[in-house]
**Q** 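First, the structure itself, so that you have it in front of you.
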Amino acid sequence: MASETTPAGLRERKKEQTRRLLLEGAARLFRERGFEGTTVADIAAYANVSVRTFFRYFESKEEVLLPDGVQIFAYVERALAARPADEEPLDAVCAALLEAAGPFSASTLTALTRPLGDVENVVTARLVQAFADFEERLAVLVRDRLPRDTPDADLRAAVIAGAALSAVRAVLRTRRANRAAGVEDPEPEPLRRAFGILREIGGREGV
């Protein structure tokens, strides 16, 4: 039995290793060269595979962004679940998103902080949908953290989730615009500052 199953197991591990190397290479190259400056051939070469092999895993360079997006969103969910149950919901969501900043910086999604060139509209459309789907999921998780007698609980949860993710999107847009203009980010931790601004707007102290 082992001799029958082992080859299949080895193949699966090899496939997962190749996929991981393709994502790792894309993340590194996107950081160094930007999305437009990185080709499929570059990513394939990093993983020591052919371009043909790349297309067995991903339909396009744009699609490389999406798997990491799913993983980052899952990371946020886990981080939120680990927050104290009595923590104010917006504080908990912001803290979970801040925890995801590290994994984000090591992912293919770093391409979003740079101008995306001709594929901007395609990538943006896909990510807008991904963010919208996650926003709905995040609203449900926030709703579960609210006391049962919270007035307008569904609306409150949706506003908290939407506001926090809007701050994330604002940081991505601002950093992309700054880099396109050749301007360094003025804030060392722009996401933390964005959440601070969110608090200021709400008349509360920054996180």
Side-chain angles (χ1 to χ4, degrees), residues 23-24 26-38 62 64-83 87-117 119-139 141-142 158-207:
L23 288 170
E24 178 185 303
R28 177 173 296 183
L29 293 168
F30 289 164
R31 282 197 302 274
E32 295 174 354
R33 308 178 186 179
F35 186 83
E36 281 289 279
T38 301
E62 293 79 14
V64 178
L65 294 171
L66 300 182
D68 267 9
V70 172
Q71 292 171 18
I72 294 298
F73 292 150
Y75 187 98
V76 173
E77 289 192 31
R78 292 193 297 270
L80 181 59
R83 303 300 303 176
E87 186 174 20
E88 198 279 328
L90 182 57
D91 290 338
V93 170
C94 290
L97 288 167
L98 283 170
E99 279 193 46
F104 175 92
S105 66
S107 75
T108 58
L109 294 173
T110 53
L112 303 181
T113 64
R114 295 175 176 272
L116 299 177
V119 299
E120 180 88 33
N121 291 337
V122 174
V123 174
T124 298
R126 292 186 181 186
L127 287 165
V128 164
Q129 185 59 55
F131 265 94
D133 292 344
F134 180 63
E135 187 172 321
E136 291 185 11
R137 171 61 180 157
L138 185 59
L141 296 177
V142 173
V159 169
I160 289 172
L165 289 179
S166 290
V168 174
R169 288 190 289 264
V171 169
L172 294 176
R173 287 195 301 270
T174 301
R175 294 188 71 184
R176 197 158 61 236
N178 285 343
R179 289 188 172 183
V183 177
E184 293 295 326
D185 293 325
E187 295 286 341
E189 295 184 311
L191 185 57
R192 187 178 298 278
R193 176 57 184 143
F195 289 149
I197 292 172
L198 185 59
R199 289 302 195 187
E200 291 169 7
I201 292 172
R204 295 179 57 185
E205 294 183 358
V207 293

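Being a predicted model, the structure only gives us computed values, none of them experimental. Numbers for residues simply follow the sequence, beginning at 1.
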**Q** Shortest non-hydrogen contact from A158 to A139?
**A**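 That closest heavy-atom pairing would be CA-CB, 4.0 Å.
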**Q** Would you name the heavy atoms of L90 and A164 that are closest together and state the gap between them?
**A**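 For L90 and A164, the tightest heavy-atom pair comes out as CD1-CB, 4.5 Å.
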**Q** Rounded to the nearest 0.5 Å, how far apart are CG of L172 and CZ of F104?
**A**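 Taking CG in L172 and CZ in F104, the distance rounds to 5.0 Å.
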**Q** With sequence neighbours left out, what residues match R83 under salt bridge (Lys or Arg N to Asp or Glu O under 4.0 Å)?
**A**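 R83 satisfies salt bridge (Lys or Arg N to Asp or Glu O under 4.0 Å) with E87, E99 only.
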**Q** Using every non-hydrogen atom in the two residues, find where A106 and A27 come nearest and quote the distance to one decimal.
**A**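 Heavy atoms only, the tightest pair is O-CB, 3.6 Å.
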**Q** Kindly compute the distance separating OG1 (T174) from CG (L191), expressed to the nearest 0.5 Å.
**A**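 Answer rounded to 0.5 Å: 11.5 Å.
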**Q** Considering only residues two or more places apart or on different chains, which pairs with a residue in residues 100-109 satisfy salt bridge (charged side-chain N to carboxylate O under 4.0 Å, His left out)?
**A**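 Sorted result for residues 100-109: empty, none.
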**Q** In chain order, what residues pass the side-chain hydrogen bond (donor to acceptor under 3.5 Å, both in side chains) check against E24, with sequence neighbours excluded?
**A**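 Result, side-chain hydrogen bond (donor to acceptor under 3.5 Å, both in side chains) vs E24: Y46.
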**Q** Give every residue pair that meets the side-chain hydrogen bond (donor to acceptor under 3.5 Å, both in side chains) criterion with at least one member in residues 158-171, sequence neighbours excluded.
**A**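 Residue pairs passing side-chain hydrogen bond (donor to acceptor under 3.5 Å, both in side chains), neighbours aside: S166-R169.
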**Q** A100 and V76: which non-hydrogen atoms are nearest, and at how many Å?
**A**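 Closest pair (atom of A100, atom of V76, distance): CB-CG2, 3.6 Å.
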**Q** Nearest 0.5 Å, what's the CG-CZ distance between L198 and R193?
**A**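 L198 CG to R193 CZ: 11.0 Å, rounded to 0.5 Å.
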**Q** Could you go through the side-chain contact (heavy atoms from CB on, under 4.5 Å) check for L97 and L165 one step at a time?
**A** CA-CA 9 Å; L97 288 167; L165 289 179; 4.1 Å; yes
**Q** About how many Å separate CG of L138 and CZ of F131, when rounded to the nearest 0.5 Å?
**A**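 Reported value, rounded in 0.5 Å steps: 11.0 Å.
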**Q** What residues form a side-chain hydrogen bond (donor to acceptor under 3.5 Å, both in side chains) with R33, not counting sequence neighbours?
**A**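 Only D42 meet the side-chain hydrogen bond (donor to acceptor under 3.5 Å, both in side chains) criterion with R33.
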**Q** Looking at residues at least two apart in the chain, or sitting in another chain, which of them share a side-chain hydrogen bond (donor to acceptor under 3.5 Å, both in side chains) with E136?
**A**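 side-chain hydrogen bond (donor to acceptor under 3.5 Å, both in side chains) check on E136 returns nothing, list empty.
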**Q** Shortest non-hydrogen contact from I160 to V93?
**A**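 Minimum heavy-atom separation between I160 and V93: CG2-CG2, 4.2 Å.
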**Q** Quick one: closest heavy-atom pair of P190 and R175, and the distance?
**A**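 Closest approach of P190 to R175: CG-CD, 4.0 Å.
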**Q** Using the test salt bridge (Lys or Arg N to Asp or Glu O under 4.0 Å), find all partners of R28 that sit at least two apart in sequence or belong to another chain.
**A**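 Per chain and number, R28 pairs via salt bridge (Lys or Arg N to Asp or Glu O under 4.0 Å) with no residue.
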**Q** Just grab all the side-chain hydrogen bond (donor to acceptor under 3.5 Å, both in side chains) pairs involving residues 69-79, residues at least two apart or on different chains.
**A**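 Qualifying pairs: E77-R137.
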**Q** Mind checking ring pair (Phe, Tyr, Trp, His ring centres under 6.0 Å) for F35 and listing every partner two or more places apart, or none if nothing turns up?
**A**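 Partners of F35 by the ring pair (Phe, Tyr, Trp, His ring centres under 6.0 Å) criterion, ordered by chain and then number, come out as F30.
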**Q** Could you work out, with salt bridge (Lys or Arg N to Asp or Glu O under 4.0 Å) as the rule, every residue matching E62, not counting sequence neighbours?
**A**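 E62: no salt bridge (Lys or Arg N to Asp or Glu O under 4.0 Å) contacts found.
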**Q** Quick check: does any side chain N or O of S105 sit under 3.5 Å from a backbone N or O of G102, one acting as donor and the other as acceptor?
**A**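 Between the backbone of G102 and the side chain of S105 there is a qualifying donor-acceptor contact (under 3.5 Å).
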